Amino acid sequence: MEVIPSFQVDHTDLKPGIYVSRQDAVGDTRITTYDVRMTAPNHEPAVNCAALHTIEHLVATFLRNNEQWKDSIIYWGPMGCLTGNYLIVKGSYPCEQIRDLMVEAFTFVKDFDGEVPGTTAATCGNYLMHDLPMAKWEANRYIGRLTNEFCCDYPGVARPLVGEKMTFFDA
């Protein structure tokens, strides 16, 4: 079975930043998936589930209401490992442009006051699992990381060769 590209990224050396995870063509449209990595996997704690859930709601609201971007946004949501989010858009943009968008989006989270959109029993599948104060803290930390030490090149995993041109993928 082929190992998917995201499992070939060296998560022991992955820093917070924004990375192009994959690009796909759907008809004549290019679709780009960005890895919006908030923490350093395996070196820092994962983002608290309730905080990440709140970030999901607020950033999705921000992106889908942003006049410049709303028609390009396909998906925004958390990674299963809780170290960041995926942003899927129509088109292909430099990571620096996505960084600017994420700084705006996470500033929206950091400065948000009031009721988080979509957090009632009728509008959310787990409406009790939200933490706005922690979401604001995480957003502020991520803004600092994006502005002070921006990373956008994935570290690869070196795979040992077994025999001629055979790569060993099992752990």
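No experiment lies behind these values; they were computed from the predicted model shown.
- Between Leu101 and Leu63 there is a side-chain heavy-atom pair separated by less than 4.5 Å.
- Remark: of the listed residues Asp131, Asp111, Asp113, Asp113 is the sole one forming a salt bridge (Lys or Arg N to Asp or Glu O under 4.0 Å) with Lys136.
- Distance CD1/Ile98 to CG/Leu146: 11.5 Å, rounded to 0.5 Å.
- Applying the 6.0 Å contact sphere to CD of Glu115 captures no more than 12 heavy atoms from other residues, nucleotides or ligands.
- Phe106 and Tyr93 fall within a single hydrophobic cluster, where Ile, Leu, Val, Met, Phe, Trp and Tyr are joined by side-chain heavy atoms under 4.5 Å apart, directly or via other members.
- Closest approach of Asn85 to Pro78, counting heavy atoms only: OD1-CA, 3.3 Å.
- Ring pair Phe108/Phe62 is tilted by interplanar angle, where 30° to 60° counts as tilted.
- Using modelled atom types, no side-chain atom of Tyr142 and backbone atom of Trp137 make a donor-acceptor pair closer than 3.5 Å.
- A salt bridge does not link Arg99 to Glu96: none of the charged side-chain nitrogens sits closer than 4.0 Å to a carboxylate oxygen.
- Cluster annotation: Leu87 is not connected to Tyr154 through the hydrophobic network of ILVMFWY side chains, with a link wherever side-chain heavy atoms come within less than 4.5 Å.
- Atom CG of residue Leu14 and atom CG of residue Asp153 lie 11.0 Å apart, to the nearest 0.5 angstrom.
- Between His130 and His57, the ring-plane angle classifies as perpendicular under the 30° and 60° cut-offs.
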- Message: Using side-chain contact (heavy atoms from CB on, under 4.5 Å), reason through Arg141 and Thr39 one step at a time and then give a plain yes or no.
- Response: CA-CA 10 Å; Arg141 180 172 77 149; Thr39 68; 3.1 Å; yes

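- The two residues Ser21 and Tyr86 have their closest heavy-atom pair at OG-CE2, 4.2 Å.
- What you find for Leu132 and Gly114 is that their closest heavy atoms are CD2-O, 3.9 Å.
- Here Tyr34 contributes atom OH and Gln23 contributes atom CD; the two are 6.5 Å apart, rounded to the nearest 0.5 Å.
- Between atom CD1 of residue Ile74 and atom OG1 of residue Thr33 there is a gap of 8.0 Å, rounded to the nearest 0.5 Å.
- When all heavy atoms of Cys152 and Tyr19 are compared, the pair lying nearest together is C-CD2, 3.4 Å.
- Rounded to the nearest 0.5 angstrom, Trp76 CH2 and Arg64 CZ are separated by 10.5 Å.
- Within the 4.5 Å cutoff, the side chain of Met79 has heavy atoms near those of the Asp35 side chain.
- Note on Val103 and Ile18: same hydrophobic cluster, where clusters join Ile, Leu, Val, Met, Phe, Trp and Tyr whose side-chain heavy atoms are under 4.5 Å apart, directly or indirectly.
- Residues Phe112 and Pro117 come closest through the heavy atom pair CZ-CD, 4.0 Å.
- Remark: Arg30 does not engage Asp28 in a salt bridge, criterion side-chain N to carboxylate O under 4.0 Å.
- When hydrophobic clusters are built by joining Ile, Leu, Val, Met, Phe, Trp and Tyr residues whose side-chain heavy atoms come closer than 4.5 Å, directly or via intermediates, Val36 is grouped together with Ile143.
- Looking at heavy atoms from C-beta onward, His11 lies out of side-chain contact with Cys81 at the 4.5 angstrom threshold.
- Val89 and Val20 fall within the same hydrophobic cluster, where Ile, Leu, Val, Met, Phe, Trp and Tyr residues are linked whenever their side-chain heavy atoms come under 4.5 Å apart, directly or through other members.
- One distance of note links CE of Met38 with CD1 of Ile55; it measures 3.5 Å at 0.5 Å rounding.
- Between Gly84 and Leu52, the shortest heavy-atom distance links the atoms O-CD2, 4.1 Å.
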